[in-house]
> 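Just passing along the structure, written as structure tokens.
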Amino acid sequence: MKKVTILLCAVLFSVLSFAQSPISLSYKLSSEVDLNVAMLTRLMDISTMDVVLKGDFKGKKAIITEHIVNGPEVKTYILPSYSPVNDSITSIKVMSRETSDKKTKMFIAVDGSFILLKELDLSSDDRSYILMETELNEAMHQDIPIFGYTKGTDTPDRQYCNVRDSKIHPKEWGKELGLTNYIYYTVNFTDFDSK
């Protein structure tokens with residue numbers, strides 16, 4: 001009986017120690033940072049966002065996945081990750097700018113470490129795509145949406161705010177809001193030595 005009790009305690013301890021606490025996120029937009037930086041980014045027509053995540057992920061790596069939605073088709077790409085997260089609070093910074101040929105250049109950094117400089121083809125004849133928050137009502141453990149690019153709803157007034165304010169996971173934007181073409185990014189935190 002004593003061995004069974006010890007075994008049950010060991011199993012319970014291992015389950016509790018591997019249970020991941022929910023990760024919360026908040027956003028800082030360019031207007032909420034240093035005034036000089038805000039003025040410069042506005043002058044250069046650069047969109048910036050600072051995604052602040054809090055949770056139990058010290059020593060893990062942030063794996064960011066790009067999801068490109070084109071109607072019912074979704075393509076996913078895992079972005080490279082090189083360094084561990086150093087604290088229980090981390091920041092993912094995004095800067096993007098539309099170029100003269102209607103492409104979008106985007107820079108992503110996690111905790112100040114360079115992750116990606118990428119060119120996205122977000123050309124649209126009728127409306128520009130914008131960098132947008134993807135905050136949800138509930139805290140999540142995995143596949144946490146951190147930001148997206150959308151050209152708004154397919155209505156005559158092309159609403160952006162109702163997409164953001166819906167607090168719906170971006171994978172549901174097509175079904176729930178009628179969006180057909182957009183890109184969103186999620187983050188997962190994994191052990192640094194895992195692939």
> Ion pair present between Asp87 and Lys58, side-chain N to carboxylate O less than 4.0 angstrom?
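No.
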
> Contact between Val52 and Tyr27 at the side-chain level, heavy atoms closer than 4.5 Å - yes or no?
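Val52 vs Tyr27: side chains apart.
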
> Is any side-chain heavy atom of Pro145 less than 4.5 Å from a side-chain heavy atom of Leu136?
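SC-SC contact between Pro145 and Leu136 confirmed.
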
> Taking it one step at a time, do Asp165 and Val163 satisfy side-chain contact (heavy atoms from CB on, under 4.5 Å)?
CA-CA 6 Å; Asp165 295 342; Val163 175; over 6 Å; no

> Would you say that Val94 contacts Phe107 through its side chain, given a criterion of any heavy-atom pair below 4.5 Å between the two side chains?
no

> Show the nearest heavy-atom pair for residues Ser96 and Tyr149, with the distance to one decimal.
CB-OH, 3.1 Å

> Quick one, Ile68 and Tyr77 - any side-chain contact, counting heavy atoms below 4.5 Å?
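Contact flag for Ile68/Tyr77 side chains = yes.
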
> What I'd like to find out is whether the side chain of Ile183 reaches to under 4.5 Å of the side chain of Val69, using heavy atoms alone.
no

> Please determine whether side-chain contact (heavy atoms from CB on, under 4.5 Å) holds for the pair Tyr184 and Lys171, giving the CA-CA distance in whole Å, both sets of side-chain angles, and the decisive distance to 0.1 Å.
CA-CA 8 Å; Tyr184 70 96; Lys171 68 182 173 192; 3.2 Å; yes

> Starting at OG1 of Thr190, measure out to CD1 of Ile63 and round the result to the nearest 0.5 Å.
4.5 Å

> I'd like to check Tyr185 versus Met106 (side-chain heavy atoms, cut-off strictly below 4.5 Å). Are they in contact?
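A side-chain contact under 4.5 Å exists here.
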
> Using atom types as modelled and distance alone, determine if a side-chain donor or acceptor of Thr134 lies under 3.5 Å from a backbone N or O of Ile146.
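Answer holds: yes.
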
> Minimum heavy-atom separation for Met49 and Met132, please, with both atom names.
CE-C, 3.6 Å

> Counting only heavy atoms not in Lys167, do more than 12 fall under 6.0 Å of its NZ?
yes

> Please report the C-alpha distance between Ile144 and Asn188 in whole Å, then the side-chain angles of each, then the deciding distance to 0.1 Å, and finally whether the side-chain contact (heavy atoms from CB on, under 4.5 Å) criterion is met.
CA-CA 7 Å; Ile144 303 158; Asn188 285 296; 5.8 Å; no

> Might you point out which heavy atoms bring Asp56 and Lys60 nearest each other, and give the distance in Å?
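Minimum heavy-atom contact is O-CE, 4.1 Å.
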
> Any chance you could lay out the side-chain contact (heavy atoms from CB on, under 4.5 Å) test for Ile23 and Phe189, step after step, and finish with the verdict?
CA-CA 10 Å; Ile23 295 170; Phe189 292 93; 3.5 Å; yes

> List the residues meeting side chain to side chain contact (heavy atoms under 4.5 Å, CB included) with Asn70, not counting sequence neighbours, and say none if there are none.
Asn181

> CD of Glu172 to OG of Ser166: how many Å apart, nearest 0.5 Å?
10.5 Å

> List the residues meeting side-chain hydrogen bond (donor to acceptor under 3.5 Å, both in side chains) with Thr186, not counting sequence neighbours, and say none if there are none.
His67

> Does any non-hydrogen side-chain atom of Leu79 lie less than 4.5 Å from one of Thr65?
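No, every pair of side-chain atoms sits at 4.5 Å or beyond.
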
> Please enumerate all residues that pass side-chain hydrogen bond (donor to acceptor under 3.5 Å, both in side chains) together with Thr150, with sequence neighbours excluded.
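Applying side-chain hydrogen bond (donor to acceptor under 3.5 Å, both in side chains) to Thr150 gives none.
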
> Which pair of heavy atoms, one from Met95 and one from Ile46, lies closest together, and at what distance?
CE-CG2, 4.0 Å

> Short question: side chain of Trp173, backbone of Gly178 - any donor-acceptor pair under 3.5 Å?
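Not a single qualifying donor-acceptor pair exists.
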
> In terms of hydrophobic clustering (I, L, V, M, F, W, Y; side-chain heavy atoms under 4.5 Å; direct or indirect links), are Val74 and Leu179 co-clustered?
yes

> For residues Val85 and Ala62, report the shortest heavy-atom separation together with the two atoms involved.
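In this case the closest contact between Val85 and Ala62 is CG2-N, 4.2 Å.
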
